[in-house]
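Heads up: the structure comes next, in structure tokens.
In this text the structure is predicted, and so the values were computed from the model without any measurement. These values consider heavy atoms only, across backbone and side chains, with no hydrogens, waters or symmetry-generated copies. Every chain is numbered from 1, with letters handed out A, B, ... down the list of sequences.
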Amino acid sequence: MEAAESKTLNFIEQIIEEDLASQKNGDLICTRFPPEPNGYLHIGHAKSICLNFGLGQKYHGKTNLRFDDTNPSKEEDKYVKAIVEDVKWLGFNWDGDIKYTSDYFNQLYQWAIEFIKKGLAYVDDQKSEEISLQRGTPQKPGIMSPFRSRTIEENLELFERMYKGEFPDGSRVLRAKADMSSPNMQLRDPVMYRIMHSTHHRTGDLWCIYPMYDFAHGQSDYIEGITHSICTLEFENHRPLYNWYLDKIADSKKVRPQQIEFARLNLSYTVMSKRKLLQLVEEGNVSGWDDPRMPTISGLRRRGYTPESIRNFSERIGVAKRDNIIDVGLLEFSLREHLNKIAPRVMAVLDPVKLIITNYPKDKTEFIELENNPEDLSSGTRELPFGREIYIEREDFLEDPPKKFFRLGPQREVRLKGAYIIKCEDFKKDSEGKIAEVYCSYDPETKSGTGISRKVKGTLHWVSAPQAIDAEIRIYDRLFSVEDTAADKDIDFKELINPNSLQIINHCKLEPSLASAKPEDKFQFQRMGYFCVDKDSTKEKLVFNRTVPLKDGWNKTNIIANV
RNA sequence: UGCCUGAUGGUGUAAUUGGCAACACGUCUGAUUCUGGUUCAGAAGAGUCCAGGUUCGAGACCUGGUCGGGCAACCA
């Protein structure tokens, strides 16, 4: 299967293949995706999901889904549910049951006691500010805590009393006895446990002390037999600590997990941090985590992205260790590539202008047969009503068109997609000077499919006026107006928000077959782009999102010509 | 003034581990087209952060710089 692919390996695959060759862990490969349930997943997490689960599949190994839930003050069950749904939607299956770091709280607690017994941990009675001060700076070594030399017995007793809830939050912590003068800040006696009288989404009030990330993550990997623990670059400095803890507990006969870091994804014209995304949600700049402008997986889903397109995108961007900003255009390319193959083509007029075919019989309605998708002939055909009065796109008629404008203008001819060639004879303006109606004649000899060889330069999409159904269409633009939202640290990212990222158009005219479309159904509105039904849509009022416009060569030359 | 880490077309990612820089997106031509989409054919664009060195030969190795990112939560 994958043997056919001769693609070069990324640096993580190289490590894995070397480990396989040296039989470091036999033939075993086990990865994990370890989200904290404190927010929604975004496209950056999708990269990590595709990486971890992809590696599991490629090397016939396993991939766990593990919630890293060591901080009950920030974590909620609703996030667990949303994350599970997103991972499934992306098309991945985890090995066995969903795992939680909180499953290991008891084991972690036992290990902490062992650390104390070996003289490797101590209870510190100081406030966090004091501890922080003593830690020093990257340039200046830290100084030792006055509580560092407590006896093992005293530490054991104090830690048990912490566990029993005898002390208030913040009054004491358990610290590792590592190296206060280490050039690596992470090793300056890191906190292992803190007191938190807070209800945990799974363990409730069973615990009032919780392990820190560093004391929990490597051990959780170890418990699960993870061979390659893949995380992002900001944890590079934590790797010595990850290994330090493991050194103290790992059985040499068991699998020893290896932490490997890669560069997180950054996308142009957006932000990719949970903190910033949360801020956008809470301050009402977007309608929620699943606002179609958000780079969240739920936002992309609502926008009309497909799991395939996101997986292909992840494959294309690669994996490396250098910082990067990927052009959002690449994401859109992957999207169009897939949608082009699967989205049924339909007719929809976003900004309608009425067009009357003056020589067409008044009461006649005929049915035009159109293929649903020229890229997929198995998708069949459908029939559309056609008559004397139709709607066309306002931008498809110009009173005084330039030479290379292949659409309608006075005395110009175009084809109506699937129907006839028409010629513009006249038009009417309203009191404001806007085009109100366009009058055309049609040539009955030019019906599509009848083998007429006469050609015209332009083809327009249209919707029959009497049968047209109304819809609201939401047009999205990039959420931010600059490519690199983090380029200037002095500018708050919220100042960079694009004020025109959402445009709502009402009374768009759709072909009647769209009346039964359901949320997340995807279509290509002929010549306009890809659209999907929004979850706000009802039978009474259809609502569509523009997922992404079609590539537009005309617009480009047009812009250049008008400069 | 420390430690960790990175640097290849506009953007990403490669270069079979020392053999004369490839692929994708984007851009630009042209063809086809009843979607100015798709498809097809082609082009431009980097001499690999800089300076030395090793070598017949360096993007890869060595030395010294420069620039970027990360690290001082009882966050993950």
Nearest heavy-atom neighbours spanning [X] and [Y]:
X        : Y        : answer
A:Asn155 : A:Ala121 : ND2-O, 3.8 Å
A:Arg194 : A:Thr70  : NH1-O, 3.4 Å
A:Leu355 : A:Cys440 : CD1-SG, 3.8 Å

Considering only atom [atom1], compute the distance from [N] to [M] and round it to an integer number of Å.
N      : M      : atom1 : result
B:rG36 : B:rA22 : P     : 36 Å
B:rG19 : B:rU27 : P     : 35 Å
B:rG69 : B:rU35 : C1'   : 45 Å
B:rA73 : B:rU16 : C1'   : 46 Å
B:rC23 : B:rU29 : P     : 22 Å
B:rC61 : B:rG18 : C1'   : 8 Å
B:rG12 : B:rA46 : C1'   : 14 Å
B:rG9  : B:rU13 : P     : 11 Å

Between [options], which nucleotide has the shortest distance from any of its atoms to the side chain of [X]?
X        : options                : value
A:Gln14  : B:rU17, B:rA76, B:rA14 : B:rU17
A:Leu550 : B:rU35, B:rA76, B:rG12 : B:rU35
A:Met212 : B:rU13, B:rA73, B:rC25 : B:rA73
A:Phe333 : B:rC74, B:rG26, B:rG2  : B:rG26
A:Glu236 : B:rC25, B:rG2, B:rC4   : B:rC4
A:Asn71  : B:rA76, B:rC74, B:rC71 : B:rA76
A:Leu330 : B:rA24, B:rG37, B:rA72 : B:rA24
A:Trp554 : B:rC71, B:rU35, B:rG36 : B:rG36
A:Thr8   : B:rA76, B:rG2, B:rA14  : B:rA14

Just N and O in the side chain of [X]: are any of them under 4.0 Å from OP1 or OP2 of [N]?
X        : N      : answer
A:Lys489 : B:rG69 : yes
A:Arg336 : B:rG37 : no
A:Ser132 : B:rA73 : yes

Quick one: label [X] by what it contacts on the DNA or RNA (base, sugar-phosphate, nothing), any heavy atom closer than 4.0 Å.
X        : answer
A:Lys274 : nothing
A:His461 : nothing
A:Phe406 : base
A:Leu460 : nothing
A:Gly418 : base
A:Pro374 : base
A:Gly529 : nothing
A:Gly553 : sugar-phosphate
A:Asn184 : nothing
A:Glu371 : nothing
A:Arg407 : base
A:Gln524 : base
A:Ser334 : nothing
A:Phe405 : base

Donor-acceptor pair under 3.5 Å, [X] side chain vs [N] base:
X        : N      : value
A:Gln526 : B:rU35 : yes
A:Asn237 : B:rG70 : yes
A:Arg322 : B:rU13 : no
A:Glu375 : B:rG37 : yes

Anything under 30° is parallel, anything over 60° is perpendicular, the rest tilted; go ahead and classify [X] against [Y].
X        : Y        : value
A:Phe215 : A:Tyr245 : perpendicular
A:Phe115 : A:Trp244 : tilted
A:His238 : A:Phe235 : perpendicular
A:Phe105 : A:Tyr210 : perpendicular
A:Phe386 : A:Tyr420 : tilted

Counterpart base for [N], defined by Watson-Crick or G-U wobble contacts under 3.5 Å:
N      : result
B:rC3  : B:rG70
B:rG47 : none
B:rG52 : B:rC62
B:rA22 : B:rU13
B:rG57 : none
B:rA31 : B:rU39

Worksheet item: Hey, does the side chain of A:Glu393 reach the backbone of A:Leu350 with a donor-acceptor pair shorter than 3.5 angstrom?
Response: yes

Worksheet item: Between A:Tyr213 and B:rA76, do the rings stack, that is, sit under 5.5 Å apart with planes less than 30° off each other?
Response: no

Discussion item. Is the distance from the ring center of A:Tyr530 to that of A:Phe523 below 6.0 Å?
Written reply: no

Worksheet entry | 5'-most by nearest nucleotide on RNA chain B - A:Lys551 or A:Lys321 | A:Lys321

Fill in: First encountered from the 5' end of RNA chain B, between A:Gly318 and A:Val456
A:Gly318

Practice prompt. Salt-bridge test for A:Arg66 and A:Glu224: reply yes if a basic N is under 4.0 Å from a carboxylate O, no otherwise.
Written response: yes

Fill in: Of A:Asp125, A:Asp179, A:Asp189, A:Asp124, the residue whose pairing with A:Arg148 passes salt bridge (charged side-chain N to carboxylate O under 4.0 Å, His left out)
A:Asp189

Name the orientation of the base relative to the sugar in [N]: syn if the glycosidic angle is within 90° of 0, else anti.
N      : answer
B:rU17 : syn
B:rA73 : syn
B:rG47 : syn

Worksheet entry | Contact residues, residues 189-203 of chain A to RNA chain B [heavy atom, < 4.0 Å] | A:Val191, A:Arg194, A:Met196

